[in-house]
Amino acid sequence: MTFKLRTARRATVVTAGAFALLLAAAACGGSSDTPEGAVENFLDNGIEDFANSFASGDVDKAATDAEEYFCAEDITAIKDMGAMFEGMSEDEIKEAMGDEEIVPEDWSYEIGEVTEEGDTASVAVTMTENGEDTEETFDLVKEDDVWKICGFMA
């Protein structure tokens, strides 16, 4: 039972992190040509599929959903997290992840300061949900000339 509790907590933290990432940039839409564009692209186009796949325990689909947006290191980390769902029933996964809405309907984001140095960058984002702001910073790396969020799954 202790293992399942730890697994449930870890799954909840990962989902919360995915949601924070979601909130961190979901208003403008962008491409991966710039660090801020990569964050916007994920938050506008990828976070919901990723978060829902992960929350349902389908880690392989979550990794596939994230490949366009996350660095190779994070994709490996997502796949490695599949072990925490091993042996859990669908009901146990749902219980561990909770009934809360993965991607709330009423949220927005604003891109703040962008710092770029060579093949690394960081993007500050203010996320707003239910009138409350949360500050997040996304680290990115350039892989094959495309900016990817990296370190989120660490």
Open item on the list: Once side chain to side chain contact (heavy atoms under 4.5 Å, CB included) is applied, do any residues pair with Ala62, and if so which ones, sequence neighbours excluded?
Closed with: Phe50, Ser53, Phe54, Ile78
TODO: Could you tell me which non-hydrogen atom of Met127 sits nearest to which non-hydrogen atom of Glu136, and how far apart they are?
DONE: CE-CG, 2.6 Å
Task: For Ser122 against Asp139, the heavy-atom pair lying closest together - done: CB-OD1, 3.7 Å
Open item on the list: Quick one, Asp80 and Thr76 - any side-chain contact, counting heavy atoms below 4.5 Å?
Closed with: yes
- [ ] Mind checking side-chain hydrogen bond (donor to acceptor under 3.5 Å, both in side chains) for Asp133 and listing every partner two or more places apart, or none if nothing turns up?
- [x] Thr128
TODO: Indicate the atoms forming the closest heavy-atom contact of Gly151 with Cys71, along with that distance.
DONE: N-SG, 4.4 Å
Open item on the list: List the residues meeting side-chain hydrogen bond (donor to acceptor under 3.5 Å, both in side chains) with Asp33, not counting sequence neighbours, and say none if there are none.
Closed with: Ser31
Open item on the list: Applying side-chain hydrogen bond (donor to acceptor under 3.5 Å, both in side chains), can you list everything that pairs with Glu143, at least two apart in sequence or on another chain?
Closed with: none
Open item on the list: I need the minimum non-hydrogen distance between Thr126 and Glu135, along with the two atoms involved.
Closed with: OG1-OE1, 3.0 Å
Task: Asp49 side, atom CG; Glu68 side, atom CD - distance, nearest 0.5 Å - done: 10.5 Å
Task: Same apolar cluster (I L V M F W Y, side chains within < 4.5 Å links), Ile47/Ile111 - done: yes
- [ ] Identify, with sequence neighbours excluded, every residue that meets side-chain hydrogen bond (donor to acceptor under 3.5 Å, both in side chains) alongside Lys61.
- [x] Asp65
Open item on the list: Give me the atom names and distance for the closest heavy-atom approach of Val114 to Glu36.
Closed with: CG1-OE1, 3.5 Å
Open item on the list: Could you report the tightest heavy-atom contact between Lys79 and Val59, atom names first, then the distance?
Closed with: CA-CG1, 4.0 Å
Task: Partner of Val123 under side-chain contact (heavy atoms from CB on, under 4.5 Å), chosen from Thr137, Ile149, Leu140 - done: Leu140
Task: Listed once per pair and sorted, the disulfide bond (SG atoms under 2.5 Å apart) pairs that draw on residues 113-145, sequence neighbours left out - done: none
Task: Lys142 NZ: over 12 foreign heavy atoms closer than 6.0 Å - done: yes
Open item on the list: Quick check: is Val146 connected to Val141 through a chain of hydrophobic side chains (ILVMFWY, heavy atoms under 4.5 Å apart)?
Closed with: no
Open item on the list: With a 4.5 Å cut-off on side-chain heavy atoms, are Asn45 and Tyr69 touching?
Closed with: yes
Task: Asn52 (side chain) donor-acceptor with Glu48 (main chain) under 3.5 angstrom - done: yes
